[in-house]
2 protein chains.
Amino acid sequence: MSVVDDLRDLILRGRYAPGARLGEVELAETLGVSRTPVREALRRLQAEGLVEVVANRGARVAEHPAGDLETVFELRARIEGLAARQAAAVATAEDADRLHGIAVALREHAERHDLDAVYRLNADFHQGLVRLGGSAVLAQSLSALIHSPVLLRTYGSFDAEAMRRSADHHIEIAAAVRAGDPDWAEAVMRAHLFSARASLLGPRRRDDG
Amino acid sequence: MSVVDDLRDLILRGRYAPGARLGEVELAETLGVSRTPVREALRRLQAEGLVEVVANRGARVAEHPAGDLETVFELRARIEGLAARQAAAVATAEDADRLHGIAVALREHAERHDLDAVYRLNADFHQGLVRLGGSAVLAQSLSALIHSPVLLRTYGSFDAEAMRRSADHHIEIAAAVRAGDPDWAEAVMRAHLFSARASLLGPRRRDDG
DNA sequence: CGCTCATGGATTGCATACAAATCCTTGCTA
DNA sequence: TAGCAAGGATTTGTATGCAATCCATGAGCG
């Protein structure tokens with residue numbers, strides 16, 4: 001695996017907490033390479049928004065302000081909504097069946113609370129859907145949003161009902177794609193993400209009456 | 001200016017066409033530095049989606065498929081639509097007045113077909129609006145989309161009417177922000193971007209009747 | 001006692017040297 | 001003459017050394 005992937009994994013798995021200093025020599029020793037590839041990896045992750053580097057002062061794991069998390073889901077709802085729409089417009093029956101297969105597997109693992117498998121299948125599903133849309137810029141825009149340390153722990157804060165709802169959303173999205181119904185696909189995807197946001201952040205403040 | 005900014009400028013200004021090879025030694029000589037900072041810049045621009053690098057085979061300027069341009073505007077409409085919405089929700093009167101000032105200047109320069117100034121003011125306006133929204137992830141998501149070689153030539157393909165419309169859109173967005181009306185702001189922003197798309201790509205295919 | 005400034009240690013930024021991989025040419029063979 | 005293989009040339013990947021910058025500690029002065 002490449003240095004940048006190794007380093008991204010380290011950060012995403014929480015080995016380095018947000019705000020933690022990322023010394024070049026320390027990382028080089030940890031990863032068993034010299035400083036040069038480490039530096040290049042840091043620059044890439046900087047562009048991905050995962051680390052912040054100040055000139056002559058080194059790199060730190062980016063700390064996404066709490067308020068940003070709301071925006072992340074707003075953005076994902078809009079961007080992945082578009083992805084779902086485009087996927088529904090162009091997907092073949094085989095494509096939709098493959099998505100459906102992933103969704104079914106995800107639901108089974110969710111019932112057994114096998115979180116690692118759920119993580120993986122969820123990533124497969126969303127990436128597969130984006131790939132169906134076919135546009136590289138769309139995938140590009142999303143990658144920066146999904147590579148966020150907080151999102152990796154998403155399922156940890158789901159209760160049983162939320163988990164079941166999330167799994168069912170995947171099934172429904174696959175159905176909408178199979179039906180070739182862009183409006184339906186986008187709507188479910190948006191519901192899916194707003195539901196996840198609610199589970200993560202709790203109920204939104206409503207206007208006092 | 002930093003190496004990555006220099007290199008980005010070179011690409012964006014068309015000095016290296018899409019698909020063109022980006023040799024490390026050549027860039028190093030052109031920019032007057034060694035290969036090391038060039039390599040780091042290439043990795044950053046790779047993450048930004050501006051260049052494609054294949055392992056052991058070097059970097060090329062990314063060629064965005066023609067179809068991607070449609071998606072770029074779809075995405076911008078959704079993302080900047082959110083930015084406009086958030087800006088309208090939080091902006092002070094001073095913020096809105098500053099936007100209005102930029103928009104007025106932009107309209108004046110547009111009437112004189114001073115394209116360079118229009119480029120700059122347009123960038124100022126959109127960046128200023130995003131900054132008002134306040135979210136770093138939002139700005140992050142947009143930067144990759146706006147740093148697209150094609151978009152730099154946008155105004156070149158505008159006719160007089162499209163130019164006037166674009167300028168008026170900015171004025172109207174500033175008004176919506178000043179009115180604190182998120183729905184209005186988002187709607188105008190979407191119109192603004194779809195209008196630009198139409199000028200760039202021509203009329204969309206409509207269903208044959 | 002507190003503030004300023006200098007000096008030392010540590011860390012990043014850059015350049016250069018070497019290793020590995022790729023490509024391009026050239027010569028051989030069928 | 002077309003195809004292939006081998007070797008050199010070019011290019012990328014990595015390591016290391018040096019210069020520049022930054023931060024902290026402490027001495028000197030008000």
Side-chain angles (χ1 to χ4, degrees), chain A residues 1-64 136 140 143-144 147 149, chain B residues 1-64 136 140 143-144 147 149:
Chain A
M1 207 188 230
S2 74
V3 173
V4 51
D5 291 328
D6 285 342
L7 183 51
R8 192 190 291 114
D9 256 34
L10 280 178
I11 297 174
L12 260 39
R13 291 181 186 284
R15 169 70 185 74
Y16 294 95
R21 210 175 131 46
L22 296 170
E24 295 180 359
V25 289
E26 181 203 339
L27 290 176
E29 288 173 6
T30 302
L31 299 175
V33 293
S34 86
R35 279 176 52 217
T36 308
V38 170
R39 285 178 59 82
E40 293 183 357
L42 286 174
R43 294 310 180 281
R44 276 200 58 175
L45 297 181
Q46 174 188 17
E48 287 182 12
L50 202 61
V51 311
E52 294 167 348
V53 4
V54 184
N56 291 318
R57 291 188 50 188
R60 322 182 75 84
V61 178
E63 341 187 34
H64 290 280
Q140 176 82 20
S143 67
H147 285 156
Chain B
M1 206 188 228
S2 75
V3 173
V4 52
D5 291 329
D6 285 342
L7 183 51
R8 192 190 291 115
D9 257 34
L10 280 179
I11 297 173
L12 260 40
R13 291 180 188 284
R15 169 70 184 75
Y16 295 95
R21 214 177 128 43
L22 296 171
E24 296 179 358
V25 288
E26 181 203 339
L27 290 176
E29 289 173 6
T30 301
L31 300 174
V33 293
S34 87
R35 278 177 53 215
T36 308
V38 169
R39 285 178 60 82
E40 293 181 358
L42 285 174
R43 295 308 181 279
R44 277 200 57 175
L45 296 180
Q46 175 188 15
E48 286 182 12
L50 204 61
V51 311
E52 294 167 348
V53 3
V54 183
N56 291 316
R57 290 188 51 187
R60 321 182 75 85
V61 178
E63 337 188 36
H64 290 280
Q140 176 85 17
S143 68
H147 286 157

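Here is the naming used below: chain letters follow the sequence lines, and residue numbers restart at 1 for every chain.
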Enquirer: Strictly by side chain to side chain donor-acceptor pair (under 3.5 Å), give each pair with a member in residues 51-60 of chain A just once, sequence neighbours left out.
Expert: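 Applying side chain to side chain donor-acceptor pair (under 3.5 Å) to every pair that reaches into residues 51-60 of chain A, excluding sequence neighbours, yields nothing.
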
Enquirer: Mind calculating the distance between CD (E29(A)) and P (dA10(C)) to the nearest angstrom?
Expert: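 E29(A) atom CD is separated from dA10(C) atom P by 14 Å.
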
Enquirer: Looking at every non-hydrogen atom in both residues, tell me the closest pair between R44(A) and A47(B) and how far apart they are.
Expert: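 For R44(A) and A47(B), the tightest heavy-atom pair comes out as O-CB, 3.6 Å.
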
Enquirer: How long is the line joining CG of L27(B) and P of dC14(C), in whole Å?
Expert: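 Nearest whole value for this atom pair: 15 Å.
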
Enquirer: Could you tell me which non-hydrogen atom of V3(B) sits nearest to which non-hydrogen atom of A41(B), and how far apart they are?
Expert: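 Reported closest heavy-atom pair: CG1-CB, 4.0 Å.
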
Enquirer: Any N/O pairs under 3.5 Å between the protein and nucleotides 21-24 of chain D? List them or say none.
Expert:
| residue | atom | partner | partner atom | Å |
| --- | --- | --- | --- | --- |
| dT21(D) | O3' | N56(A) | ND2 | 3.4 |
| dC23(D) | OP1 | R57(A) | NE | 2.5 |
| dC23(D) | OP1 | R57(A) | NH1 | 3.1 |
| dC23(D) | OP1 | R57(A) | NH2 | 3.2 |

Enquirer: Can you list the steps and then say if L45(B) with L22(B) is a side chain to side chain contact (heavy atoms under 4.5 Å, CB included)?
Expert: CA-CA 12 Å; L45(B) 296 180; L22(B) 296 171; over 6 Å; no

Enquirer: With rounding to the nearest 0.5 angstrom, report the CD to CG distance, E40(A) to L7(A).
Expert: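 So the gap between those two atoms works out to 12.5 Å.
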
Enquirer: Return no unless some side-chain N or O of R21(B) is found under 4.0 Å from OP1 or OP2 of dC23(C).
Expert: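 For dC23(C), OP1/OP2 do not have a side-chain N/O of R21(B) under 4.0 Å.
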
Enquirer: Nearest whole Å is fine: how far is dC14(C) C1' from E24(A) CD?
Expert: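 Atom CD in E24(A) sits about 11 Å away from atom C1' in dC14(C).
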
Enquirer: From the options V61(A), L42(A), L12(A), select the one residue that forms a side-chain contact (heavy atoms from CB on, under 4.5 Å) with L50(A).
Expert: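 Checked V61(A), L42(A), L12(A) against L50(A); only one passes side-chain contact (heavy atoms from CB on, under 4.5 Å): L12(A).
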
Enquirer: Any residue in residues 31-49 of chain A with a heavy atom nearer than 4.0 angstrom to DNA chain D? Just list them by number, or reply none.
Expert: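 Within residues 31-49 of chain A, the residues near DNA chain D are V33(A), S34(A), R35(A), T36(A), P37(A).
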
Enquirer: My understanding is that only residues two or more places apart in sequence, or in another chain, count here; which of them pass side-chain hydrogen bond (donor to acceptor under 3.5 Å, both in side chains) with Q140(B)?
Expert: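 In terms of side-chain hydrogen bond (donor to acceptor under 3.5 Å, both in side chains), with neighbours along the sequence ignored, Q140(B) is linked to no residue.
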
Enquirer: Which residue pairs pass the side chain to side chain donor-acceptor pair (under 3.5 Å) test with at least one member in residues 18-29 of chain B, sequence neighbours excluded?
Expert: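 Listed by first then second residue: Y16(B)-E26(B), E24(B)-R35(B), E24(B)-R39(B).
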
